[in-house]
Peer 1: 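Pasting a structure here, questions to come.
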Amino acid sequence: MRLGLALGYWGRGPSPDHVPLAQEAERLGYDSVWTAESWGSDVFTPLAWIAAHTSRIRLGTAVAQMAARPPTTTAMHALTLDHLSGGRMMLGLGLSGPQVVEGWYGRPFPSSPLTATREYVDVVRQVLRREAPVELAGRFHSHPYRGPDATGLGKPLKPITHPLRPGLPILLGAEGPKNVAQTTRIADGWLPLYWSPTRPEVYGPAVRELPENFLVAPLAQARVCADVAEGLLPVKAMLGFYIGGMGHAARNFHADLMARMGYEEEAHRIQELFLSGRRKEAVLAVPDAFADEISLVGPRERIAERLELWRKGPVTDLLALAPDPHTLRVLAELTSR
């Protein structure tokens, strides 16, 4: 099981710790470092900055939001960074949800998320392979565009720049069983958001029969600390925000997943509190048990014991949201045994 460092997205502004953490992770032998985006900082610019300050560690997006860019634009970002970094780029993609897609990007959320994702990946792969001009008679991503307002002058094109690696890895963030199953068919890897090593069945039967060399790279908050309850507070804060605020009360993929993991009543309560403006109460309503099973928090010995559960499953890469060098170092020592 390889280690990755997940840095997430910026809050109020850029973190001065991100580059030093990435450099420390590289020094410790971490395999990869990952950035993210929501509705603030973008995912590619910080990754380019990190690439310029490192030399070996692989670079991933977890995730680049599909609604933010046409698939050809995303492919341009990926092939550019792959060249500049010497072949270190991995492209993680996510569909996001209706609240973000329509509220922030001003685009309709696709009526068929599976089809939209499949077409998006198809176009990205066509660009990276550069075997022929990009063509797709798609429902959501048609190339050339042939909609009712088209001029009719569009022509199929292939990238001027030759991609460094036609097989640049593409990973997908997927939560529902159908999305996970499709991910195993069309992508090189999967980025689970909440992974419980004791409940792989909640993601569907596809998890039991993964393709050869398929990457399973869950994100998990990690913190070496003496007090488990205190260490879980940042995990609960994240869950309160995602379960309560990253989606509508009637359609929230994160809340749906929490419900499938056995916490349906608690998920509804978190949503109710968060959406009524009682955010602190929403965070406190997150069960410690749920926060604990999807994270690695506590004394070194406890984390070592729990890591064994992660090793036994299909996880190939553990992407740790680790806020401090000490935690990075402990994880490196424990996984090198």
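Only this structure's heavy atoms are used, side chains among them; waters, hydrogens and symmetry mates stay out. The shown structure was predicted, so the numbers you read here are calculated from the model rather than taken from an experiment.
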Peer 1: Is I186 reachable from L95 through a run of I, L, V, M, F, W or Y residues, each pair having side-chain heavy atoms under 4.5 Å apart?
Peer 2: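 Shared cluster, yes.
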Peer 1: Would a single hydrophobic cluster contain both Y120 and Y105, if residues Ile, Leu, Val, Met, Phe, Trp and Tyr are joined by side-chain heavy-atom contacts under 4.5 Å?
Peer 2: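 Yes, Y105 and Y120 fall within the same hydrophobic cluster.
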Peer 1: Would you be so kind as to tabulate the donor-acceptor pairs closer than 3.5 Å made by side chains of residues 169-182, with sequence neighbours excluded?
Peer 2:
residue, atom, partner, partner atom, Å
E175, OE2, H254, ND1, 2.9
Q182, OE1, R118, NH1, 2.6
Q182, NE2, L114, O, 3.1

Peer 1: What are the two closest non-hydrogen atoms of T327 and A322, and how far apart are they?
Peer 2: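 That would be CG2-CB, 3.9 Å.
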Peer 1: For P70, what residues pass the side chain to side chain contact (heavy atoms under 4.5 Å, CB included) criterion, not counting sequence neighbours?
Peer 2: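 Once residues adjacent in sequence are excluded, the partners of P70 under the side chain to side chain contact (heavy atoms under 4.5 Å, CB included) criterion are T72, T73.
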Peer 1: Apply salt bridge (charged side-chain N to carboxylate O under 4.0 Å, His left out) to the pair R302 and D292, showing each step before the final yes or no.
Peer 2: CA-CA 11 Å; R302 186 175 193 268; D292 191 33; 2.6 Å; yes
Peer 1: Locate the shortest heavy-atom distance separating L21 from P323; write the atom from each residue and the value.
Peer 2: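 Minimum heavy-atom contact is CD1-O, 4.2 Å.
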Peer 1: State plainly whether one hydrophobic cluster holds both V19 and L7, where clusters connect Ile, Leu, Val, Met, Phe, Trp and Tyr through side-chain heavy atoms under 4.5 angstrom apart.
Peer 2: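 Yes; tracing contacts between hydrophobic side chains, which count when under 4.5 Å, links both residues.
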Peer 1: So which of D317, L5, L191, L59 actually passes side chain to side chain contact (heavy atoms under 4.5 Å, CB included) with W34?
Peer 2: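 Exactly one option meets the side chain to side chain contact (heavy atoms under 4.5 Å, CB included) with W34, and it is L191.
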Peer 1: For the residue pair T74 and L91, establish whether any side-chain heavy-atom pair is separated by less than 4.5 Å.
Peer 2: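 Touching, per the 4.5 Å side-chain cut-off.
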Peer 1: Can you tell me if Y30 uses its side chain to pair, donor with acceptor, with the backbone of Q23 under 3.5 Å?
Peer 2: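 Not confirmed, Y30 side chain does not pair with Q23 backbone.
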Peer 1: When you compare the side chain of W195 with that of I294, does any pair of heavy atoms fall below 4.5 Å?
Peer 2: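 Side chain of I294 against side chain of W195, heavy atoms only: no contact under 4.5 Å found.
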Peer 1: Do the non-hydrogen side-chain atoms of V127 and L79 ever get within less than 4.5 Å of each other?
Peer 2: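 Counting from C-beta outward, V127 and L79 do come under 4.5 Å.
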Peer 1: Quick one: does T45's side chain get under 4.5 Å of L47's, heavy atoms only?
Peer 2: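 The answer is no, as the side chains (C-beta and beyond) never meet within the 4.5 Å cut-off.
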Peer 1: Could you list all the salt bridge (Lys or Arg N to Asp or Glu O under 4.0 Å) pairs where at least one residue sits in residues 119-135, not counting sequence neighbours?
Peer 2: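 Listed once each, the pairs are R125-D188.
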Peer 1: Could you list all the salt bridge (Lys or Arg N to Asp or Glu O under 4.0 Å) pairs where at least one residue sits in residues 100-117, not counting sequence neighbours?
Peer 2: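 Matches after skipping sequence neighbours: none remain.
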Peer 1: Using the test ring pair (Phe, Tyr, Trp, His ring centres under 6.0 Å), find all partners of H53 that sit at least two apart in sequence or belong to another chain.
Peer 2: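 Only W49 meet the ring pair (Phe, Tyr, Trp, His ring centres under 6.0 Å) criterion with H53.
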Peer 1: Going through the distances and angles, do R58 and E26 end up as a salt bridge (charged side-chain N to carboxylate O under 4.0 Å, His left out)?
Peer 2: CA-CA 9 Å; R58 292 199 293 169; E26 182 173 70; over 6 Å; no
Peer 1: For E308, is the CD atom crowded, meaning more than 12 foreign heavy atoms sit under 6.0 Å from it?
Peer 2: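 Correct, the count exceeds 12.
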Peer 1: Kindly give the heavy-atom pair with the smallest separation between L273 and S276, and that separation in Å.
Peer 2: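 Here L273 and S276 meet closest at O-OG, 2.9 Å.
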Peer 1: Does a sphere of radius 6.0 Å around CH2 in W310 hold more than 12 heavy atoms from other residues, nucleotides or ligands, not counting ones at 6.0 Å or beyond?
Peer 2: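 Result for CH2/W310: enclosed.
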Peer 1: Please identify each residue that fulfils side chain to side chain donor-acceptor pair (under 3.5 Å) with T61, with sequence neighbours left out.
Peer 2: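 With sequence neighbours excluded, T61 shows a side chain to side chain donor-acceptor pair (under 3.5 Å) to no residue whatsoever.
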Peer 1: With the 4.5 Å side-chain cut-off for hydrophobic clustering, are L321 and W190 part of the same group?
Peer 2: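 Unlinked, L321 and W190 end up in two clusters.
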Peer 1: Hey, does R2 have a side-chain heavy atom less than 4.5 Å from the side chain of L318?
Peer 2: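 L318 vs R2: side chains apart.
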Peer 1: Under 4.5 Å between any side-chain heavy atoms of M258 and M261, yes or no?
Peer 2: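 Answer no - side chains too far apart.
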Peer 1: Does the pair F44 and M89 meet the rule for a side-chain contact (heavy atoms from CB on, under 4.5 Å), with working shown?
Peer 2: CA-CA 10 Å; F44 289 106; M89 180 67 192; 3.8 Å; yes
Peer 1: Looking at CZ of R223 and CG of L232, how far apart are the two atoms once the value is rounded to the nearest 0.5 Å?
Peer 2: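 R223 atom CZ to L232 atom CG measures 9.5 Å (nearest 0.5 Å).
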Peer 1: Give every residue pair that meets the side chain to side chain donor-acceptor pair (under 3.5 Å) criterion with at least one member in residues 84-96, sequence neighbours excluded.
Peer 2: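 Every pair satisfying side chain to side chain donor-acceptor pair (under 3.5 Å) with a residue in residues 84-96: T54-R88.
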Peer 1: Do W39 and V43 share a hydrophobic cluster (ILVMFWY, side-chain heavy atoms under 4.5 Å, transitive)?
Peer 2: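 Yes.
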Peer 1: As an exercise, state the distance from CZ of R300 to CD1 of I303, rounded to the nearest 0.5 Å.
Peer 2: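 If I round to the nearest 0.5 Å, the distance is 9.5 Å.
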Peer 1: Specify the closest pair of heavy atoms between L275 and G244, including all atoms of both residues, with the distance to one decimal.
Peer 2: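 Reported closest heavy-atom pair: CD2-O, 3.5 Å.
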Peer 1: Between atom CZ of R56 and atom CG of D31, what is the distance when rounded to the nearest 0.5 Å?
Peer 2: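 Those atoms lie 7.0 Å apart.
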Peer 1: Counting only heavy atoms from other residues, nucleotides and ligands, does the tally under 6.0 Å from CD of E201 exceed 12?
Peer 2: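 Yes, enclosed.
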Peer 1: Listing request: all salt bridge (Lys or Arg N to Asp or Glu O under 4.0 Å) pairs with a residue in residues 150-167, at least two apart in sequence or in separate chains.
Peer 2: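 For residues 150-167, and leaving out neighbouring residues, the salt bridge (Lys or Arg N to Asp or Glu O under 4.0 Å) pairs sorted by first residue read D82-R165.
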Peer 1: Using a 4.5 Å cut-off on heavy atoms from C-beta on, say whether the side chain of R69 contacts that of D42.
Peer 2: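 A side-chain contact under 4.5 Å exists here.
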Peer 1: Please set out all donor-acceptor pairs under 3.5 angstrom arising from side-chain atoms of residues 203-219, sequence neighbours excluded.
Peer 2:
residue, atom, partner, partner atom, Å
Y203, OH, Y194, O, 2.0

Peer 1: For the atom pair CG (L128) and NE2 (H162), what is the distance rounded to the nearest 0.5 Å?
Peer 2: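 One finds 13.5 Å between CG of L128 and NE2 of H162.
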Peer 1: Using the side chain to side chain contact (heavy atoms under 4.5 Å, CB included) criterion, which residues pair with T335? Sequence neighbours excluded.
Peer 2: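 Expected list: M1, L3, L307, R311.
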Peer 1: Return the CD1 to NE2 distance between I50 and H18, rounded to the nearest 0.5 Å.
Peer 2: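 Reported to 0.5 Å precision, the distance equals 7.5 Å.
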Peer 1: CZ of F290 to CD1 of I270: how many Å apart, nearest 0.5 Å?
Peer 2: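 Reported to 0.5 Å precision, the distance equals 7.5 Å.
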Peer 1: Where do E293 and R199 land on the side-chain contact (heavy atoms from CB on, under 4.5 Å) test, with the steps shown first?
Peer 2: CA-CA 9 Å; E293 70 177 279; R199 302 175 195 256; 2.7 Å; yes
Peer 1: Compare every heavy atom of M66 with every heavy atom of T117, then report the nearest pair and how far apart it is.
Peer 2: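 Shortest heavy-atom contact: OG1-CE, 3.8 Å.
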Peer 1: Please name the pair of heavy atoms, one in F140 and one in P110, separated by the smallest distance, quoted to 0.1 Å.
Peer 2: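 In terms of heavy atoms, the two residues are closest at CE2-CB, 3.7 Å.
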Peer 1: Hey, could you give me each pair passing salt bridge (Lys or Arg N to Asp or Glu O under 4.0 Å) that has a residue in residues 270-289? Not counting sequence neighbours.
Peer 2: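 Sorted pair list: K236-D288, R269-E272, R278-E281.
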Peer 1: Is there side-chain contact between V134 and P71, with heavy atoms separated by less than 4.5 Å?
Peer 2: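 SC-SC contact between V134 and P71 ruled out.
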Peer 1: When you look at V202 and S196, which way does the side-chain contact (heavy atoms from CB on, under 4.5 Å) test go after all the steps?
Peer 2: CA-CA 9 Å; V202 302; S196 169; over 6 Å; no
Peer 1: Does the pair S112 and R139 meet the rule for a side-chain contact (heavy atoms from CB on, under 4.5 Å), with working shown?
Peer 2: CA-CA 9 Å; S112 177; R139 178 177 168 188; 3.6 Å; yes
Peer 1: Taking only residues two or more places apart in sequence, or in another chain, which ones meet E301 in a salt bridge (Lys or Arg N to Asp or Glu O under 4.0 Å)?
Peer 2: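 E301: no salt bridge (Lys or Arg N to Asp or Glu O under 4.0 Å) contacts found.
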